[in-house]
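Each remark here refers to the structure printed beneath this line.
In listed order, ligands and their atoms are each counted from 1.
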Amino acid sequence: MASPFEYAPAPESRAIVDIAPAYGLFIDGEFTEAAGGKVFKTVSPATEEVLSEVAHGSAEDIDRAVGAARKAFEKWSALPGAERAKYLFRIARIIQERSRELAVLETLDNGKPIRETRDTDLPLVAAHFFYYAGWADKLGHAGFGTAEGQSGAVPRPLGVAGQVIPWNFPLLMLAWKIAPALATGNTVVLKPAETTPLSALFFADICRQAGLPRGVVNIVTGDGSTGAALVSHPGIDKVAFTGSTAVGKAIARQIAGTDKRVTLELGGKGANIVFDDAPVDQAVEGIVTGIFFNQGQVCCAGSRLLVQESVHDEVLDSLKRRLSTLRVGDPLDKNTDLGAINSAEQLARITALAETGEAEGAERWSPECELPSSGYWFAPTLFTNVSQAHTIARDEIFGPVLSVLTFRTPEEAVAKANNTQYGLSAGIWTEKGSRILAVASRLRAGVVWANTFNKFDPTSPFGGYKESGYGREGGRHGLEAYLDV
Ligand code: NAD
């Protein structure tokens with residue numbers, strides 16, 4: 001079931017990407033139908049238009065894919081790091097060349113604004129491949145053993161990695177998983193999320209374009225049952241999962257007692273802390289980026305605003321004025337700030353949690369904005385008068401909904417920020433460098449941004465405390481997750 005994949009420079013429009021009516025699974029370098037021929041549809045969340053029909057992988061397909069990855073592992077892991085690096089550099093360059101096409105594709109399948117896929121996601125995807133390509137021949141210098149050709153223990157790859165990713169950054173999560181796995185000499189079977197399978201299938205084509213040996217990367221599309229079959233397959237040596245805390249816990253239970261390695265990147269409820277000395281305009285931009293980037297469907301979103309009581313009114317007035325300027329609508333329009341919610345299920349979840357916020361007594365506010373009549377949409381929303389006991393202050397909403405709380409002292413800010421089951425991210429807004437250091441060192445969050453938010457870099461490790469998961473992806477630390485050290 002091959003499909004036309006051609007790069008054609010054109011304006012940022014639907015026409016730039018050629019989506020085939022049907023896609024197969026990518027196993028052992030070929031697109032193939034699922035055993036049993038089962039398929040599912042993927043739709044554009046902005047219009048509900050069916051984009052394509054995609055093969056639904058079963059346990060049998062997973063078994064084939066793991067077999068292909070196992071076979072490929074022997075040769076791939078034996079290649080000198082410098083040779084593996086060449087493939088990764090090639091993949092990175094093809095991603096750059098095809099980035100406009102991929103950005104439009106991702107925007108169509110996910111619903112996020114083209115400005116984000118074009119200016120944030122795709123450059124980061126390429127950057128991850130470039131970054132880990134650079135490590136492939138330097139693993140012995142990464143602090144995990146000795147270098148190739150020297151005596152001593154050279155760090156070894158784990159084997160076949162089973163990787164399961166969510167829908168919020170489909171191609172970026174793929175890059176976070178595949179780039180370090182390949183650089184360290186592992187082979188992979190990756191399962192994309194059921195609502196955003198297309199960019200992973202285009203990536204499969206990029207692997208072919210780059211001449212990557214068969215079986216090194218396998219993509220099996222499907223739903224949670226496909227993911228569960230992958231995670232529980234005895235031929236998998238390492239599980240890398242990004243998704244909800246509930247599924248992460250189920251996976252941890254499933255693989256307990258096996259010798260599989262695991263990294264879990266799960267949910268979050270990040271605190272964005274604004275002190276009274278922070279420049280209000282900059283802080284407001286950071287609050288907006290923190291919670292409305294990608295419609296708030298970001299694990300490390302700053303979904304709890306903690307604002308110092310003395311500047312609460314000033315910050316809220318300014319924030320409301322700024323929110324009134326946000327443009328919600330067609331994700332393919334380069335002026336759009338907020339696109340569509342990824343699925344009807346996610347929209348229902350956001351709607352229900354926002355209703356709970358009102359029912360529990362918080363005050364709801366949204367700017368006036370007209371939402372398109374078809375597709376899945378949710379207006380940017382603020383809740384004030386929120387207490388720590390409120391559901392909207394505790395549960396991950398994963399949507400464009402901000403819960404505003406206040407504090408008086410830095411101690412209270414730290415206590416409130418840490419009062420969560422999660423520990424993925426936090427932000428601090430203040431002019432005082434000493435306060436940044438003092439507060440950051442007491443926050444139980446994997447990443448703490450100072451006077452910025454939602455900034456990502458492949459050199460920097462990412463991961464959580466508590467129910468946000470364990471293990472780190474990105475940077476030098478990200479290599480360790482794929483090495484026997
Ligand atoms: P999800 O857990 O429902 O699904 C994630 C993936 O797991 C999908 O591919 C799904 O098909 C698969 N899956 C479902 N059940 C499975 C099972 N039993 N075994 C194996 N795989 C299974 O999450 P989602 O709704 O797609 O994504 C949103 C969640 O992901 C949010 O909670 C968000 O915070 C989290 N997330 C975390 C990070 C991070 O780096 N920490 C990044 C992005 C998203």
Side-chain angles (χ1 to χ4, degrees), residues 40 42 45 54 56-57 59 62 109-110 112 121 124 128 162-177 189-197 199-200 219-233 236 239-255 260 262-270 291 293-303 341-350 353 395-399 420-425 445-447 454 456 460-474 478 481:
F40 65 99
T42 185
V54 177
H56 191 301
I62 290 290
D109 208 17
N110 172 280
K112 62 170 73 185
D121 293 15
L124 275 171
H128 273 270
Q163 307 179 321
V164 180
I165 57 171
W167 44 259
N168 58 342
F169 293 91
L171 207 46
L172 186 58
M173 292 299 108
L174 174 149
W176 280 27
K177 300 258 180 292
V189 179
L190 177 130
K191 194 206 82 69
E194 48 271 52
T195 56
T196 53
S199 54
I219 309 285
V220 182
T221 43
D223 62 8
S225 67
T226 317
L230 176 57
V231 167
S232 61
H233 194 287
I236 293 291
V239 173
F241 173 77
T242 296
S244 60
T245 294
V247 174
K249 285 182 180 178
I251 289 174
R253 280 194 295 272
Q254 204 175 359
I255 62 173
K260 288 173 189 168
V262 63
T263 39
L264 299 174
E265 300 277 5
L266 310 175
K269 191 73 185 174
I291 185 62
F293 172 62
N294 201 17
Q295 296 72 245
Q297 301 167 129
V298 180
C299 50
C300 51
S303 53
I341 301 301
N342 181 250
S343 65
E345 292 72 29
Q346 188 57 25
L347 179 59
R349 184 180 150 75
I350 298 167
L353 278 162
D395 287 9
E396 184 183 45
I397 300 175
F398 221 57
T420 165
Q421 74 197 78
Y422 297 111
L424 197 53
S425 70
V447 54
N454 274 339
F456 304 97
S460 168
F462 187 90
Y465 286 94
K466 300 190 263 183
E467 294 200 6
S468 292
Y470 43 80
R472 295 290 179 266
E473 290 185 327

Original post:
Going from SG on C299 to CZ on F169, what distance comes out if it is rounded to the nearest 0.5 angstrom?
Top reply: 7.0 Å
**OP:** Report the distance from atom OG of S232 to atom NZ of K260, rounding to the nearest 0.5 Å.
**Re:** 6.0 Å
Quick one: does [X] get an N or O within less than 3.5 Å of an N or O on ligand 1?
X	value
L266	yes
V164	no
Q254	no
T245	no
W176	no
I165	yes
N168	no

Subject >> Residue pairs involving residues 165-174 (criterion salt bridge (charged side-chain N to carboxylate O under 4.0 Å, His left out); sequence neighbours excluded) >> reply: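 As it turns out, there is no salt bridge (charged side-chain N to carboxylate O under 4.0 Å, His left out) pair with a partner in residues 165-174 once direct neighbours are skipped.
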Original post:
Pick from T195, N168, T196, N294: which one makes a side chain to side chain donor-acceptor pair (under 3.5 Å) with N342?
Top reply: T195
What residue and atom, counting heavy atoms only, is the protein's closest point to [atom], and at what distance?
atom	value
atom 10 (C) of ligand 1	E194 OE1, 3.5 Å
atom 16 (C) of ligand 1	V247 CG1, 3.4 Å
atom 35 (C) of ligand 1	G243 O, 3.1 Å
atom 13 (N) of ligand 1	G224 CA, 3.6 Å
atom 27 (O) of ligand 1	P166 CB, 3.4 Å
atom 32 (O) of ligand 1	E396 OE1, 2.7 Å
atom 25 (O) of ligand 1	W167 NE1, 3.1 Å
atom 23 (O) of ligand 1	S244 N, 3.3 Å

**OP:** Anything under 30° is parallel, anything over 60° is perpendicular, the rest tilted; go ahead and classify H128 against W176.
**Re:** tilted
**OP:** Return the orientation label for the H56 and F40 ring planes: parallel under 30°, perpendicular over 60°, tilted otherwise.
**Re:** perpendicular
Subject >> T242 neighbourhood, listing ligand 1 atoms whose heavy-atom distance to it stays under 4.0 Å >> reply: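 Near T242, the atoms of ligand 1 are 5 (C), 36 (N), 37 (C), 38 (C), 39 (C), 40 (O), 42 (C), 43 (C), 44 (C).
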**OP:** Would you mind running through ligand 1 and noting each atom that sits below 4.0 Å from a heavy atom of L424?
**Re:**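 It comes down to these atoms of ligand 1: 41 (N).
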Subject >> Side-chain donor/acceptor of K191 to backbone N/O of G222, under 3.5 Å >> reply: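 Between the backbone of G222 and the side chain of K191 there is a qualifying donor-acceptor contact (under 3.5 Å).
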Original post:
Distance-only, no hydrogens or angles: does the T263 side chain make a donor-acceptor pair with backbone N or O of G471 under 3.5 Å?
Top reply: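 Answer holds: no.
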**OP:** Check F398 against I350 and note the closest heavy-atom contact, atom names and distance.
**Re:**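 It is O-CD1, 3.6 Å.
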**OP:** List the atom of I219, the atom of L174, and the distance in Å for their closest heavy-atom pair.
**Re:**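 I219 and L174 have their closest heavy atoms at CD1-CD1, 4.5 Å.
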Tell me the contacting part of [X] for ligand 1: side chain, backbone, both, or neither, using a 4.0 Å heavy-atom threshold, strictly below.
X	value
F169	neither
D223	backbone
Q346	neither

Subject >> Under-4.0 Å heavy-atom contact between protein and atom 4 (O) of ligand 1 >> reply: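 Protein heavy atoms within 4.0 Å of atom 4 (O) of ligand 1 - there are none.
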Original post:
Side-chain contact, heavy-atom cut-off 4.5 Å: L266 with E467?
Top reply: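 Not touching, per the 4.5 Å side-chain cut-off.
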**OP:** Can you sort out the partners of Y470 under ring pair (Phe, Tyr, Trp, His ring centres under 6.0 Å), two or more places apart, ordered by chain and number?
**Re:** none
Subject >> contact_flag C300 ligand 1 heavy-atom lt 4.0 Å >> reply: no
Original post:
Which of these, A228, C299, G227, A250, has its nearest heavy atom closest to atom 42 (C) of ligand 1?
Top reply: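 Comparing heavy atoms across A228, C299, G227, A250, the nearest one to atom 42 (C) of ligand 1 lies in C299.
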**OP:** I would like to know whether D109 and T42 meet side-chain hydrogen bond (donor to acceptor under 3.5 Å, both in side chains); could you show each step before the answer?
**Re:** CA-CA 7 Å; D109 208 17; T42 185; 2.6 Å; yes
